[in-house]
Amino acid sequence: MEYLNELNPPQRAAVTTVEGPLMIIAGAGSGKTRVLTYRIAYLVEQGVDPFQILALTFTNKAAREMKERISKVIGETDARSLWMGTFHSVFARILRAESDKLGFPSNFSIYDTDDAKSLLKTIINELGLDDKTYKASTIYNRISSAKNALVTASAYQKNEILKAEDDEALRPRTAEIYALYTGRCFKASAMDFDDLLLKTYELFLRYPEVLYKYQNRFQFLLVDEFQDTNFAQYSIVKQLAALYQNICVVGDDAQSIYAFRGANIQNILDFEQDYPDLKTFKLEQNYRSTQCIVEAANHIIANNRGQIPKTVWTQNEKGNKIKLYRALTDNEEGQFVASSIHETHLRDHTPHDQFAVLYRTNAQSRALEEALRKLNVPYRIYGGLSFYHRKEIKDLLAYIRVVINPADEEALKRIINYPARGIGKASLDKMFVSAADNDISLWEVIENLEALGLGLGTGIRTKIEEFRFMMMRFQGALMTANAYDLAAEIAQHSGLLQDLYSDKSPEGVSRYENVLELLNGIKEFADREENLPDGRPILPAFMEDVALLTDADESDDDTTPKVSLMTIHAAKGLEFQEVFVVGLEDSLFPNQQNMHSRAEMEEERRLFYVAITRAMKQLSISYSTTRYRYGSLMHSEASPFITELNQEHIEPIAARRAGGNAPDPFRRNISSSFSIPAHSRLRKVSETGTASASNNVSDYKVGMLVKHNRFGQGKIIGIDGPAGQKTATVLFKESGEKRLLLKFAKLDILGAGE
DNA sequence: CCAAAGATTGTCACA
DNA sequence: CAATCTTTGG
C-alpha cells in the first residue's frame with residue numbers, strides 16, 4: 001500500500017473512505033483517474049470482492065484504461081471480475097439478461113440515432129403530417145429529453161405542461177408520435193439509446209426482486225464524470241445504491257458539457273440532499289498544467305454563476321503565455337497550426353501525439369487536415385464520420401442485425417432491396433401497409449406473404465421468397481457457425497461485395513476495402529473473445545460493442561505518434577503537452593444555437609474551460625476573420641471568450657482587431673420543462689403488453705360482425721388460406737376492404753351476423 | 001424499377 | 001460544400 005504515499009491528503013482521504021456515500025469534486029488535472037484507480041485497488045485490499053464493484057465511466061476506453069491500471073496494482077485475475085463500462089453498455093447487458101420481464105427478447109436490437117429518426121420519419125409520413133413542422137430530428141430530441149427525464153409515452157400523453165409546450169410549438173401530435181414510436185420499437189424488438197436507461201429504470205421499479213439481486217451484486221458503486229449524468233442515469237444509480245449506500249461519485253461541475261443530452265449539474269446538488277451523511281472531498285491541486293494555463297482557466301470559469309466553490313491551484317512552473325493568432329481565412333489558420341506543430345517538433349523533438357487540435361464542430365477539421373498533410377505531419381481525426389457510420393459498413397451490419405433479430409425493421413428496410421433485387425418502393429409500401437393493418441412486423445409479412453395476398457405479382461413474390469430463404473439460411477447458421485465465416489458468407493452471398501467490387505471508382509474501391517476491413521474486425525473480435533465463459537454466439541456480442549461504441553473508442557493499430565484532431569467534447573479527460581484551440585469566433589464558439597440564454601452561454605464557457613485545461617505546457621488559441629460555412633465565405637468576429645481572458649496571459653502572434661464587440665448574449669431566457677422534480681414517479685407502463693381480443697382463429701366465421709381497434713366495425717366477407725395462415729377479408733364501414741391474418745388481427749367479435 | 005441529373009437543405013456537441 | 005431528396009427519362 002505504498003501507493004498511499006503518492007497521494008496528497010484529500011486524495012488519500014478519497015481513496016481510503018470505504019463505506020457510505022462519497023462525493024469527490026475533482027478539479028481539472030487534479031489526479032482524478034489516479035484516485036479512482038487506487039480507490040478500487042484499496043477496496044479490494046480491504047477485502048471487498050471485486051465481483052461486487054461496479055464502475056460506470058463515460059467511455060469504454062476510459063473503462064479499459066482504468067481496468068488496465070488497476071490490474072497492475074491488484075493483479076489481472078481480480079481486475080477481470082470488476083464490472084466497468086459505460087452506463088449504456090452495462091445496462092444493455094442487464095437488460096438482455098432480464099429482457100423477458102419487459103416483454104422483449106434478449107436479442108433485441110439497439111437502434112442508433114439514424115434508425116430512430118428514420119422510424120420517426122416513417123411514422124410522421126404515415127400520419128400524413130407535414131414533415132417541415134414535424135421534423136424527425138426535432139421530434140427525436142423531444143422524445144429523447146422525455147426519456148432522459150423518465151417520462152414514458154403514456155406519461156407524456158397525460159402531461160399538461162408538455163402538451164402546452166407542444167401546442168405552442170404547433171406540434172400538438174408529438175405525444176401521439178411518441179406513443180406510436182414506442183409501439184413500433186417494441187414490435188421491432190428494438191431499443192434506442194435512451195431506452196437502455198429508461199427501461200432499466202422501469203425494470204428495477206417494477207421488479208423489486210430483480211433490483212434486489214443487482215443491489216447485492218453491486219455493493220460498491222463508482223460513477224465517473226458525475227457532472228455529465230442525466231436524470232435517468234442518476235435515478236438508476238440511486239436505485240442500485242439504496243440498499244448499501246456505498247456510492248462514490250466523482251465529478252467537476254466546471255466541466256459539465258453535456259446538458260444538451262440531458263446532463264444535469266443539479267444531480268450534484270441533489271446528491272447532497274439525497275444522502276445526508278455524505279462525505280465530500282475536493283481535489284484542488286492541479287498536477288497537469290502550468291500556472292499560466294491554470295490561472296487563465298480559473299479566470300474564464302469565474303464568469304459563470306452558481307458553481308461549487310473551489311480553488312484550483314498548481315505548484316508547477318509559470319510557463320509560457322497563451323499564444324493568440326488571428327488569421328484571415330480558415331486555411332491560413334490551419335497553416336498556422338500545422339507550421340507551429342512542425343517547428344516545435346523539429347526544435348524540441350516533442351512527439352506528435354503530444355499535440356492536439358481542438359475545435360467546436362467536426363466540420364472545421366478539413367482545413368486543418370489539409371494544412372497538416374501539406375507539411376507531412378501525421379495526424380488522426382477522432383469522431384466525425386467514423387468507420388461504423390459509413391454506408392457500406394452500416395449495410396453489412398444491417399444484414400447481421402436482421403439475422404440476429406428478424407423483427408428489426410430499420411435494418412430490414414435498409415437491405416431488403418440492397419443490393420438491388422427488384423423489390424421496389426411500390427411493393428414495399430404494400431408490405432408496410434399490410435404490416436400495419438395486421439399489427440405485425442415487416443418480417444412476419446414476408447413470412448406470410450402467400451396468405452396475405454397483397455396483390456403482388458408472382459415475379460416480385462418469388463424475389464421476396466428468395467430473399468427470405470437466404471436470410472433464413474443465415475439465421476440457421478447463427479448459433480453454430482463461426483462468426484467470421486458467417487459474416488463473410490453474408491457479405492458474399494447477399495451480393496454486397498460484388499456490388500461494391502463492380503464500382504471501380506476510387507471511392508468504390510475504398511468502400512470495398514472498408515467492408516473487408518469490417519470482416520477483419522469481426523475476425524479479430526472473435527479471436528479475442530473466443531474463450532469467454534458464457535456460451536453466447538460471438539456475432540451478437542460484436543454487434544453490441546459496435547452499437548455502443550464511443551467516438552473516443554475507435555482504435556488505430558498504426559502506432560506512429562500522431563497529432564490528435566477532435567472536438568472539445570471528445571477531448572474530455574485527455575491531456576496533451578501542447579494544445580491548439582481553433583475557431584474562436586462569435587457564433588461558432590460560442591455556437592450560434594447556444595447563445596440565447598445564460599445557461600447555454602455558460603455551457604459554452606465550460607466547454608472552453610475544458611479545452612484550455614487539456615494543455616500541460618503550451619496553449620494556443622486562434623480565430624479567423626473569414627470562414628467557409630454552408631459552402632460560402634462568411635465574415636466572422638472574434639469570440640467573446642477571447643476578451644474574457646485576462647490580457648496578461650496572452651501573447652498575440654499577429655495583429656488582431658481591437659475589442660470585437662459581441663452582441664449581448666443574455667437577451668432571453670429559454671427554459672425547458674424537462675427538469676422534472678426528483679420525486680416524480682414513473683407511471684405504470686402499458687404499452688409493452690398485448691392488446692385485447694384473444695379469440696381463436698377457428699372462432700371466426702364468414703358473415704360475422706367484428707371490431708378492429710384501428711379500422712372500427714366491419715363484416716367478414718371471406719376466409720381463406722391454409723391452416724395456420726387463415727386470412728379474413730373484412731369489409732369495414734369506414735376503411736373498406738382489408739385482408740387480415742387471423743392469427744395476428746385482434747378482431748373482437750360483435751355478433752354472428754345473419 | 002432504377003440510374004442520373006437536378007433541387008434542396010442543413011451542420012452543435014453524443015451513447 | 002456536402003448529403004439527401006425529388007424529378008426525369010429509359
Side-chain angles (χ1 to χ4, degrees), chain A residues 56-62 85-92 110-118 121 125 131-132 135-138 140-141 144 147-148 191-197 225 228-230 232-233 256-263 330 358-367 382-386 388-391 417-429 457 459-460 463 503 544-553 566-572 583 587-596 600 603-604 606-608 610-611 627-634:
Chain A
L56 294 162
T57 58
F58 199 73
T59 63
N60 297 301
K61 190 174 157 215
T86 62
F87 279 91
H88 289 86
S89 63
V90 168
F91 297 160
I110 296 174
Y111 273 0
D112 68 12
T113 314
D114 289 344
D115 297 322
K117 284 182 186 167
S118 144
K121 198 171 201 172
N125 282 336
D131 57 6
K132 300 275 188 300
K135 278 200 299 197
S137 53
T138 313
Y140 175 80
N141 288 330
S144 173
K147 285 183 178 173
N148 285 327
M191 296 194 193
D192 65 23
F193 291 137
D194 303 311
D195 285 334
L196 296 177
L197 307 177
E225 309 284 7
D228 288 322
T229 54
N230 60 38
Q233 291 167 324
S256 163
I257 53 174
Y258 282 95
F260 71 91
R261 205 169 87 187
D330 42 1
L358 308 181
Y359 35 78
R360 177 68 237 265
T361 69
N362 278 308
Q364 288 166 253
S365 67
R366 183 184 311 188
Y382 291 77
L385 227 207
S386 73
Y388 290 99
H389 290 254
R390 288 163 207 249
K391 182 185 175 301
N417 197 33
Y418 177 77
R421 46 177 73 87
I423 308 172
K425 194 178 178 311
S427 321
L428 255 181
D429 280 347
I460 294 278
K463 286 170 184 160
D503 183 351
E544 176 143 330
D545 259 35
V546 168
L548 299 175
L549 222 52
T550 323
D551 275 345
D553 289 333
M566 60 180 99
T567 62
I568 301 166
H569 284 90
K572 188 167 79 151
S587 77
L588 179 63
F589 188 17
N591 196 270
Q592 182 71 52
Q593 282 133 106
N594 272 4
M595 298 173 68
H596 305 300
E600 287 174 331
E603 171 137 325
E604 293 284 313
R606 288 192 298 268
L607 197 53
F608 187 41
V610 169
R627 179 176 297 277
Y628 274 95
R629 291 180 86 180
Y630 297 100
S632 55
L633 196 64
M634 313 266 254

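The sequence lines fix the lettering, A, B, ..., with proteins before strands; numbering per chain opens at 1.
Cation-pi contact between A:Lys391 and A:Tyr418: present, with separation from the ring centre below 6.0 Å and deviation from the ring axis of at most 45°.
Phosphate proximity of B:dA13 to A:Asn594: absent, as no side-chain N or O sits under 4.0 Å from OP1 or OP2. Side-chain nitrogen and oxygen atoms of A:Thr567 include none within less than 4.0 Å of the OP1 or OP2 phosphate oxygen of B:dC12. Distances shown here put a side-chain N or O of A:Asn417 below 4.0 Å from the OP1 or OP2 atom of B:dC2. Side-chain nitrogen and oxygen atoms of A:Ser427 include at least one within less than 4.0 Å of the OP1 or OP2 phosphate oxygen of B:dC1. Put simply, A:Arg421 has no side-chain N or O that comes within less than 4.0 Å of OP1 or OP2 on B:dC1.
Between the side chain of A:Arg261 and the base of B:dA13 there is no donor-acceptor pair of N/O atoms closer than 3.5 Å.
Note: A:Tyr258 and A:Phe260 have tilted aromatic rings, judged against thresholds of 30 and 60 degrees for the angle between ring planes.
Contacts of A:Phe589 with the nucleic acid, taken as non-hydrogen atoms under 4.0 Å apart, are absent. As judged by a 4.0 angstrom heavy-atom cut-off over every strand, A:Lys572 is placed among residues making no nucleic acid contact. Note on A:Ile460: only backbone sugar-phosphate atoms sit closer than 4.0 angstrom, heavy atoms only; bases stay farther off. Within the 4.0 angstrom heavy-atom criterion, only backbone atoms of the sugar-phosphate kind lie near A:Ala426; the bases stay farther away.
Taking atom NZ on A:Lys117 and atom C1' on C:dT4, their separation rounds to 13 Å, with Å as the unit.
Here A:Phe260 packs flat against the base of B:dA13; its ring centre is closer than 5.5 angstrom to the base's six-membered ring, tilted by less than 30 degrees.
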